[in-house]
Amino acid sequence: MNAAPARLKRRAEFLRVGGKGRKIPQPGLVLQALARADGAPARIGFTVTKKIGNAVVRNRTRRRLRAAARLVLAETPAVGVDLVLVGRAATRGRNFAALMQDLRDALARVQPAERP
RNA sequence: CCAGACGGCCGGACGGCCGCCGUCACGCCCCCGUCAUGGGCGGGGCGGAGGAAAGUCCGGGCUCCACGGGAAUGCGGUGCCGGCUAACGGCCGGCGGGGGCGACCCCAGGGACAGUGCCACAGAGAACAGACCGCCCGCGCAAGGUUUCGACCCCGCGGGCAAGGGUGAAACGGUGCGGCAAGAGCGCACCGCGUCGGCGGCAACGUCGGCGGCACGGUAAACCCCACCGGGAGCAAGACCGAAUAGGGGCGGCCGGCGGCAUCCCGCGAGGGGUGUGACGCGAGGGCAUUCCCGCCCUGCCGCCCGGGUUGGUCGCGUCAGGCGCGCCGCGAGGCGCGUCGCAGAGGAAUGGCCGUCCCGCGCCGCGAGGUGCGGACAGAACCCGGCUUACAGGCCGUCUGGCGCC
RNA sequence: UGGGGCGUAGCCAAGCGGCAAGGCAGCGGAUUUUGAUUCCGCCAUGCGGAGGUUCGAAUCCUCCCGCCCCAA
């Protein structure tokens, strides 16, 4: 069983990924990705703004994103990249299987060469 | 049965798979001379959001900073009385005022003879006020009207009055009777107000009686006066460990025991004496956990300023004004005693994701049993505690009030 | 966590106890062949919401809602 992925924590890290990386919108989320030189396992961060809702709504949104990321990355691990998952208003009501598929599609567009 | 008032409580239940945070011990592995300790992996047991965790409106604990004592002033807050409490602007009980048929509910509710300000418009007059219409008396009477030919009405002049009309949020007490030319607290009764006294009450206040003869309009959530309370900041408080800059720079002050060095004086001279000197030695001081010895390493000391570096970890950080039960005291808030329980501790921040069954509500289908779809409030701990305020689907319990029906 | 400020018409805003200024925009009219300009007129049952004080509240008080700013 794989360990929990490393988390992005610093504001500067989020700004770098959001500013320099690719931005892939999906119905249930927005994926921001920035490649790193090393081949270490992907680091991951979550952004859910106050615009989405109150604290309860933001918590639910982030937890669904985290659960989806855990399952998707377990089946197909990503390496050498920093990922930021941005919650949208639709994230909370999105069917969970569809949400996972959103993330898979977004990851496929980030690293097309490394996927068969 | 219907409508309502008050108080208290709950705020989905059970299960499956996969995860997260904390904690407890266990197994295996690594490090190691051994112990201690540390690290990694694994599965397991236990615990894991709220009544408001929210808003941050008050009060406290805790921590740091400041501070001789007292008074006054300023600023801010509070404001019927008594009690509860660690404290409060909270709560309980009472008083007064207002609302409701009632249960019951609401009220920042000290002082307006300490002073100052304001009271628009309307209205005759708005604060030691005032007379427009009006009422009454006297005198006059050209014109007009009536006439029983006296006069009267109208009108004019002089005077009295403030009852009625009208304005206003408010008009210098209200109602009734007497009184009067008409009127008026002018007199009387009741109500209100003021004041004095008795009684009840800790008090706010209530009540009774006498007197006054209506004199003292409102506004203090206007300034203000009075009484009482109040150091400042906040867990990013604060403490420690590590890492890094590094032998950083400037200014000022201070220490000289011995040697060295510099310099001055004395002496022909060996030498003696004085002064100074800190990227010189010894001494001295500090560090290597502690003591002694040896060894090694570091270093002038203090203060202020400038510049630079550091955002990793540990503690604070979960046992308290604690929850529950029982008994006693108290109308109550609450207090006392005994027993019992251990109840979240994250740190870009855990407490979850998905699924099933049941429960509740609504819609649709069906005569029905039932089937089916959608929905399940407000809301997420961030140092802790006591309150307040605000948000909230649905439901439960108890007491009480009004109405209808039946016995 | 602590502190400060602002919500007035579609927009910018004055007023801060008795009447809600003004400008832009909009609408109607006049002038003009038409347009621009200019001129005249109209446009807030109520000042973010709810209570309260007062005879009277945008204004004073209390509690909420929303937005902005500052310090750490």
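The sequence lines fix the lettering, A, B, ..., with proteins before strands; numbering per chain opens at 1.
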Inset, instruction - Calculate the interatomic distance between A/Arg63 atom CZ and B/rG348 atom P; express it in whole Å. - result: 15 Å

Inset, instruction - Nearest whole angstrom, please: distance from the C1' of B/rA53 to the CG of A/Asn59. - result: 12 Å

Legend entry - Partner nucleotide, any strand, of B/rG178 [Watson-Crick/G-U, under 3.5 Å]: B/rC186

Legend entry - Separation of the P atoms in B/rA236 and B/rC88, to the nearest angstrom: 30 Å

Inset, instruction - Tell me what A/Arg64 touches on the nucleic acid: a base, only sugar-phosphate, or nothing, going by heavy atoms under 4.0 Å. - result: sugar-phosphate

Inset, instruction - Return the value, rounded to whole Å, for the distance between atom CZ of A/Arg62 and atom C1' of B/rA350. - result: 9 Å

Legend entry - Spacing of the P atoms in B/rG201 and B/rC225 (rounded, Å): 40 Å

Inset, instruction - Rounded to the nearest angstrom, tell me the gap between atom CG in A/Asn54 and atom C1' in C/rC65. - result: 15 Å

Legend entry - Heavy-atom side-chain contact between A/Gln26 and A/Leu31 under 4.5 Å: no

Legend entry - Whole-Å gap separating P (B/rG353) and CG (A/Leu65): 12 Å

Inset, instruction - For A/Arg58, answer base if it contacts any base atom (sugar-phosphate contacts may also be present), sugar-phosphate if it contacts only those atoms, and nothing otherwise; contact means non-hydrogen atoms under 4.0 Å. - result: nothing

Inset, instruction - Would you indicate which nucleotide in B/rG19, B/rG353, B/rA350 comes nearest to any side-chain atom of A/Phe96? - result: B/rG353

Inset, instruction - Please check if the side chain of A/Thr61 supplies one atom and the backbone of A/Arg92 the other of a donor-acceptor pair under 3.5 Å. - result: no

Inset, instruction - Check the distance between B/rC354's P and A/Leu71's CG and give it to me in whole angstrom. - result: 10 Å

Legend entry - Whole-angstrom distance between B/rG97 and B/rG206, as gauged at atom P: 7 Å

Legend entry - A/Val57 vs A/Phe46, nearer the 5' end of RNA chain B by closest nucleotide: A/Phe46

Legend entry - A/Arg60 side chain near B/rG353 phosphate (N/O to OP1/OP2, under 4.0 Å): yes

Legend entry - Residues which pass side chain to side chain donor-acceptor pair (under 3.5 Å) with A/Asn59, listed by chain and number, not counting sequence neighbours: A/Arg62

Inset, instruction - Can you measure from CG (A/Leu99) to CZ (A/Arg104) and round to the nearest 0.5 angstrom? - result: 10.0 Å

Legend entry - Euclidean distance for P, B/rC326 against B/rA333 (whole angstrom): 16 Å

Legend entry - Exam field: side chain A/Arg43 to backbone A/Val84, donor-acceptor pair closer than 3.5 Å: no

